[in-house]
Structure formats: C-alpha cells, structure tokens
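Worksheet for the structure shown next.
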Amino acid sequence: MSDWVTHEHDVVVIGAGGAGIRAAIEASASGARTALICKSLLGKAHTVMAEGGMAAAMAHNDDRDSWKVHFADTMRGGQYLNNWRMAELHAKEAPERVRELEAWGAVFDRTKDGRINQRNFGGHRFPRLAHVGDRTGLELIRTLQDHCVHKGIDVYMETTVSALLQDSPGSRVLGCVGYDRQTGQLHVWHAGAVVLATGGVGKAFKVTSNSWEYTGDGHSLAYHAGAELMDMEFVQFHPTGMVWPPSVRGILVTEGVRGEGGVLRNKEGRRFMFDDIPDNYKPSTADNEDEGWRYVTGDKSARRPPELLTRDHVARCINREVKAGRGSPHGGVFLDVSWLKSKMKDHEAHIKKKLPSMYHQFITLAGVDITREPMEVGPTMHYIMGGVRVDGDTQMSSVDGLFAAGEVAAGLHGANRLGGNSLSDLIVFGKRAGEFAARFAREKGAPRAGNAAIDAAVRTTLEPLARPDGREGPYQVQYALQEVMQGVGIVREEKEMAQAIEGIEALKPRAAACSAPKGRAYNPGWHTALDLRHMLTCAEAIARSAIERKESRGAQFREDFPKKDDANFGTFNHVVRKGSDGRMQVSRRPLAPIRDDLKQVIEENKNI
Amino acid sequence: MSSGKVITHIPESGRDAIFRVWRGDSTAGQFVDYKIRVQPGMVVLDAIHQIQAEQANDLAVRWNCKAGKCGSCSAEVNGMPRLMCMTRLDMLDLDMPVIVEPMKAFPSIRDLVTDVSWNYAVKKRIRPFRPRKPDAPDGTWRMQQDDVDRVQEFRKCIECFLCQDVCHVLRDHHKHDEFIGPRFLVYSAALEMHPLDAEHRVGDLKNEHGIGYCNITKCCTKVCPEHITITDNAIIPLKERVVDEFYDPVTRLFRIFRPKKA
C-alpha cells in the first residue's frame, strides 16, 4: 500500500472554521509553509451558523465595560473551573482581534456615532457582542476566508484527516494522514507542528444545532495520540432550538432574539424566567417586566431581564416547564418577539432588520411569521466546553507539536460558555495557536515520521472498505449512539449514565464491524464508518467524566446531586487520557492557583 | 425562493413519495427511483438523507448546516436550482416523482455532488479588499449604518453558487474562462461599494471579468436563497461604473489628452 501523495509543511492546520483559518493566517504570516485542511468546502464550516456575535470589551455602547468585567463575567459563567490565564488573554485580546477583522473587510453593524455596534447577551454585564444582524458567524468566516486566499496557504478542501503521525503514543506529533473526500485519494502531510481546529462533537447527540462535520475528530485524534482531554462532562445545551417540524428539531434560534427583547412564556402565558433567578445573579437581574424592557432598549440604570441569564440555567428552566406540563404543543415553550408591536410602531421592519435569518428560517421551515406569532423552542445540544487540555499562552496540548484552538480546546469556558465568547475564542486563540505552532516548528525542525507509522495510519483509514458486505450500515450505529447519549443529556442521573456507558461499550464492536459500501470516490458510507470511532471516543469521555462529577455545576445538572459542591468538586478539572492498556482513564487535576490581581478583579466585580 | 405555497398536504401519519435521483459520475449515470415514507415538515435534504441511510449508503450529497446558512446542498429539484435543506416537500407535487439532480453549470463528481472549485479559483483573481488609512482618532474608522446597508446585503451571500448555476452565460454558453458570473459580480460590488475600500476593480470587470456578458435577465436574482437583488443592486451599478469610466464621451475625450498609465 503506497498509494498516497506526500506533502511537507511547517504547520498543518486541521479544520477551517474561524479558529483554523485564523491559525493558518497567523502561521503563514510568520513565514511558516502552512497547510489548511478542511472537511468541507472552504467557508462552509460550522462557524457560519454562529448568529449572535463575538464578545469583546470595546465599550462602544457602554463605557463602563473593560477587559476586567469581561474576564469576571467569563469566570463566573464558567463557575470558576476556567483556565484563568485563557480567560484573561481572551478578555484582553478580543477587542484587537475584532478591529483586525474590520481592517480585513468585515462590515459590522454600526452605532449612531459610526463605530462597531455591540449587543446584549446572556451573562455579559454590558452590551459586548460585535455583530452583523444574526449572521455574525458568516461574516467572520467569509472575512477570514477572503483574507486567507491571498496569503499563499495550501488549502485542501473536502479532505478529512483520519490519523496523526507519531513514532509512539504520546511522543511528538509529526504530521497526519487523511483522504480527499471527492476522490478517495490518500494524503500524508509531514509537519513540524499540527494545529487541531476541528470544532465539536454534536453529531453524537440526537437533538443538536451542530452540522454533520461535528463528529469530534480533533478530540479523538488528540486522545488517541496520547494527549489529555479536559472538562468533557460540560456539554452546553442551548436553551432555544427549533422543536417543530421534526426534521428541523435542534436548529438554533439565536440568543439575539432575547437580546432584542424576545421573552419566554409557558402555555399559560407566564414569563416563567422570573420565577427562578439564581442567587449570584439576583443583584444584576431585573425583577419586573418593565425594567427588563428598559434594559433591552439601552437604559443603563436598568438590570437585564432573566431571559438573558446563562444558557445552562435558561435551558433547565425550559426543561422544567415542559416536564411540568406547561410547555407548548410540540414539547417546547414559547419565545415571543412579536410582542414588540406593543412597544414600537414599526416592529415588523425592526425584527426583520435585526433578526433576518430567524425570520427567514421560521417562515420557510415552520411556516411561522415571527413578527406576528411566537416561536416554539426547546433545548438543543450546542457546544462542548471540554476538549484538548492546552497551555493557556501557546495552545499546545500535553503532546509536543500538537496544538488546539477553538471548540476542540478546553479551558476558556470552564463549566459553561457565555454566548458570544465562542467567536472571540476562535480569533484570539486561533491566532495564538498559529503563532506558537509556527514558532515550535521553526525552533524544533521537522523530523519525519517513520514508514511504520504511515503504514499503520493508512491501514486504519482504508480498513472499513475491506469489511465484508451486507452487515449493519454505519448510519444505524450512529443513530444507536445518539439514542444512547440521551442518557447523558441536559438532566443527568447516575443509573442512566451507567447504562449509557454500557451502551457505548456495546456499540464499539458494532462500529468496528459495520460495513461501508465499496468505492473511494465521495463515499459517505465510508466516511461515516471512520467518523464513528471519533464519536464513540468523545461520547465515552463525556459519559465517564459526567458520572464522576457528583454535583451540579454550570452545564452539568445532576438530578441526584442537584447542588453545587464547592468543597468536594470545585477544586479540580476532570482529565481524560488513554491508559497504557488502551482503556480510558478519568482523573482529577487540581485547579492552578489564580493570580492575586485576577482574584481581586473577580472580587471587585462579584456583586455588581 | 420564499416559503411558497403548500401543494401537497402530508398527513401526520406520513405518505409515500418517489424520488428520482441522479446517480453517476463524470463519465456516466442515470436516474434511480427511491420510494420512501415522508413526514410533515420534511425538506428535500431529509428525503435524500433517508434514502442514504436506508437504501443507498454511498449516495453522494454535499451538505453541512441543514439550516440554509452554509450553501452546500445546492441542487436542482424538479428543474429548479435550490438549496435542498430549504425546500419543503409540501411545496412539491408528491403525486409525481420528485426529480433531484446536480447543478448543471459545473462538472459532476458523483451523484448530487459537483466540482465547484472553479469558483474558488475565480475569487483569487479579484483584487482583495484594501482599506484606506484609518482616519478616526483611535486608529480605526467611522462608518454610518446607512453607508454599509448596501454592502451588508451583498455580504449575506452564502456562496451556494445557485446564481452561477442558473446563469445562461455559464450554464449554456460555458464562458467560464471569460466571465466570473453573478456570484463574483456581487463579490466585486461588495468590495467596490465598501466605504473603506481604496482598490480599483472597474477595469478588471470590463477587461478580465466579462461583465459585458451579463444581459440582465435576472435569473440569478430569482434563485438567490438570500434574496440578494443581484442584478439591480450589484450588477447594474457596476455596469454603470464601467460605462462612466470607459464610454462616457467627456471622460473619453479627457483620456485622449492624458498620458496612459503604466
């Protein structure tokens, strides 16, 4: 078997969403010969679906904002499990990264004085999200894409990486192996450093806002290469996904709807979010509808409406209403922005201007005109806070030469991510990963992987095609996994999770045996058979971490341990690694002591 | 491509429908009929996925977000260029087979997937964004919302290439070497009308990018899933700029007396 094309690069970036393209731009700018490998066509990555905006404390709409408040908000949202160094760098560098996008051609919505306009979002004290209507992700990825095509980066489109190259597990990563989806041609990339920017794991779940690419490739590649994963129990369920019709269940309804004044009601018409405001958010949350509305319209003396509490909390409140029989006809609750007609003359034009994609999405897919009637929404798996454990400054994993940025990396968001902190995460840490990967490659040179490593990776890649015909197909195994992961959902419980772990174990042999149709050219059956291993690895890491955390914190809510337990569980992150016996090990890694000045920033901002 | 009218009522219990799907590659192929059970609210991409999962694991289809945001699942449904993820089955006559085939303006790769790499090559040929020097005290720029509204309309483009597919200059006359197509005229317009941009592309549009080939039949505008008024707002103003620069008699006269630029 020697039918592959060989490439040599200083830096190979796997994944071409916001983090990947930003990393490639930075690596290339520092002189590294850079490859950018995308599973889809360039510019189609999951980043395009981000709607609300990117958080950066530019203080355009409220001059009380600063990196300190953004940092404190991020730490509080993450329930203090965050890598505080990443939260610090993120808050400090995001404004510069956003301004850079404008210099590269991005066209953000404007304030009256002609600056980048910023909107309110859950968990952010001040209006902080630079945005373009409700299609900010598209603006981000298109700006980066159009910028990068003139930078001499080698782009491999519709190409999937199936294995990393290294001489032994845990040793330095020396490149990767993958296949061109269009033709099935195999490729080997030798590289001084590899950056993972592969996004998340949503396709292991039944109801998700994530696109097909989100099969946890980077998480799994890193794990099998001996790197540590961290915080895998923390999976964010976005409170508002579409619930009807069934075929669109899970598609995202942006938090921007609530930022623009949209309210949540149960079938009795009650704004149930006022009923349960967590203590640590009470001082900053409105306790009546009028104050909430004044906040939305920019009154600086008003506190924010409870619909803008953190996502984990809003999602659980919706879950509670549905379970109590107070939900909407299709098992969600009502999200209403049409009520703005009582507050403004031209609410129809206003909604269409501020939320154009939402208007379009509902009228086309559900036949609902959001300017006239409420939407039905419910929680959808949206994001994983957990990922590859990285150094806060350089984004290098616990394996030499392997870097990670964006959703595939852990740390910035702790136990729960604030909306808007993801897009800024991509550009802040995408840049850093590219910069430090290029530096690593420059300083350490590029030794080549041995033939044994390449042969093994190629064998793994082609193996599904060699299986006998007529067995169970890969899609059936994926659907079965999605059912199993219902046991590790938004509300968790020991016994259900134990069953899920058993279920995952039982699926492993099925995934290893399922048959893929023959032929290498654009063969989605083969691709899915390969993706299954990644999804199973991620599912197992999520379930095993979640069952060990016997408390409720951030995105993890346990029915059997409904309280936060700071003394026993607030002092460490869960770390997952592959044991020498090949089995998954979960251990505790104590939190690094926070720097005194940052501790003070948190204290100063605690009760505002 | 709006919500459209309901043509077929699909009962809650579902109903059968036949999908006539193009199977093949660049050398040969044929339509294959698949009968599946469809449910209310389904879109064409759901039907294709169901066929892929149950009857043809290797059916090639390109898709990502399934929410009309990435522009990957472009195809021709009953002869109309559409995003499969935004085409509801109840808008189609399900008493007839639903014909699903790949875009015709691009070479076939396999089944519903076409080779759209030409578009990526075209984009590289367009001069990139070049901002004027920052002129606000904080080292950035000031732009009013009114001034960016038009450009924001163009930047809604999701690069589904349906406008390229329907454009007769590309689809029927195969002028891919001489004409950049509506997508990249919109792209050029977004750059040319960007309040900060200082680059000059009008000469390229006339000489290299074939803007003259467009005879404003507006087919592109009709199929745009983002409702960008491609012809009226992007192409015609660019054509006017070409006319102003190259065909305006006063400017022409002026040019005779002006030494040519290198």
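The basis for the numbers below is simple: all heavy atoms, side chains too, and nothing from hydrogens, waters or symmetry mates. Every chain is numbered from 1, with letters handed out A, B, ... down the list of sequences. A quick note: this is a predicted structure, and the numbers were derived from the prediction, not measured.
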Closest-packed option against chain B by number of heavy-atom pairs under 4.5 Å, given [options]:
{"options": "V149(A), T143(A), D146(A), N210(A)", "answer": "D146(A)"}
{"options": "E139(A), Q361(A), R99(A)", "answer": "E139(A)"}
{"options": "V248(A), L252(A), L138(A)", "answer": "L138(A)"}
{"options": "E158(A), H527(A), K39(A)", "answer": "E158(A)"}
{"options": "R110(A), K353(A), E51(A)", "answer": "R110(A)"}

Top contributor to chain A contacts, counting heavy-atom pairs under 4.5 Å, from [options]:
{"options": "Q52(B), E159(B), R110(B)", "value": "E159(B)"}
{"options": "C157(B), P134(B), A190(B)", "value": "C157(B)"}
{"options": "D197(B), L45(B), D115(B), L59(B)", "value": "L59(B)"}
{"options": "V113(B), V151(B), D25(B)", "value": "V113(B)"}
{"options": "L191(B), L196(B), I158(B), V116(B)", "value": "I158(B)"}
{"options": "Q145(B), R155(B), K156(B), K124(B)", "value": "R155(B)"}

How many angstroms lie between [atom1] in [X] and [atom2] in [Y], if you round to the nearest 0.5 Å?
{"X": "E213(A)", "Y": "S72(B)", "atom1": "CD", "atom2": "OG", "result": "8.0 Å"}
{"X": "K518(A)", "Y": "N57(B)", "atom1": "NZ", "atom2": "CG", "result": "10.5 Å"}
{"X": "W212(A)", "Y": "R62(B)", "atom1": "CH2", "atom2": "CZ", "result": "10.5 Å"}
{"X": "F108(A)", "Y": "M143(B)", "atom1": "CZ", "atom2": "CE", "result": "9.5 Å"}
{"X": "D58(B)", "Y": "T528(A)", "atom1": "CG", "atom2": "OG1", "result": "11.5 Å"}

**OP:** Evaluate side-chain hydrogen bond (donor to acceptor under 3.5 Å, both in side chains) for T140(B) paired with R115(A), printing each intermediate quantity in order.
**Re:** CA-CA 9 Å; T140(B) 63; R115(A) 296 189 291 174; over 6 Å; no
So which heavy atom on [X] is nearest to which on [Y], and how close?
{"X": "S247(A)", "Y": "G41(B)", "value": "OG-O, 2.9 Å"}
{"X": "S211(A)", "Y": "C65(B)", "value": "CB-CA, 3.8 Å"}
{"X": "M86(B)", "Y": "T364(A)", "value": "O-CG2, 3.6 Å"}
{"X": "A103(A)", "Y": "F129(B)", "value": "O-CE2, 3.2 Å"}
{"X": "Y522(A)", "Y": "A60(B)", "value": "O-CB, 3.4 Å"}
{"X": "K44(A)", "Y": "Y120(B)", "value": "CE-OH, 4.1 Å"}

Subject >> Other residues, nucleotides, ligands: >12 heavy atoms within 6.0 Å of R37(B) CZ >> reply: yes
Subject >> NZ (K35(B)) with more than 12 external heavy atoms under 6.0 Å >> reply: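 Atom NZ in K35(B) is not crowded, with 12 or fewer foreign heavy atoms closer than 6.0 Å.
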Original post:
Are any non-hydrogen side-chain atoms of M49(A) and N64(B) less than 4.5 angstrom apart?
Top reply: no
Original post:
Considering only heavy atoms from C-beta outward, does the side chain of P524(A) approach that of V61(B) to under 4.5 Å?
Top reply: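 No, side chains not in contact.
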Original post:
Taking NZ, NE, NH1 and NH2 as the nitrogens, is one of them in D134(A) or K69(B) under 4.0 Å from a carboxylate oxygen of the other?
Top reply: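 So D134(A) does not pair with K69(B) through a salt bridge.
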**OP:** Measure up the H227(B) and H360(A) rings against each other and bin them: parallel (under 30°), tilted (30 to 60°), perpendicular (over 60°).
**Re:** perpendicular
[X] versus chain A, heavy atoms under 4.5 Å apart: side chain, backbone, both or neither?
{"X": "D149(B)", "answer": "side chain"}
{"X": "V43(B)", "answer": "both"}
{"X": "P128(B)", "answer": "both"}
{"X": "R130(B)", "answer": "neither"}
{"X": "D46(B)", "answer": "side chain"}

Answer with side chain, backbone, both or neither: which region of [X] has an atom nearer than 4.5 Å to a non-hydrogen atom of chain B?
{"X": "W104(A)", "value": "backbone"}
{"X": "L365(A)", "value": "both"}
{"X": "H46(A)", "value": "neither"}
{"X": "M157(A)", "value": "side chain"}
{"X": "Q476(A)", "value": "side chain"}
{"X": "D113(A)", "value": "backbone"}
{"X": "I116(A)", "value": "neither"}

Subject >> Exam field: side chain Q152(B) to backbone V107(A), donor-acceptor pair closer than 3.5 Å >> reply: yes
Original post:
Can a cation-pi geometry be assigned to K66(B) and Y214(A), taking NZ or CZ under 6.0 Å from the six-membered ring centre and within 45° of the ring axis?
Top reply: no
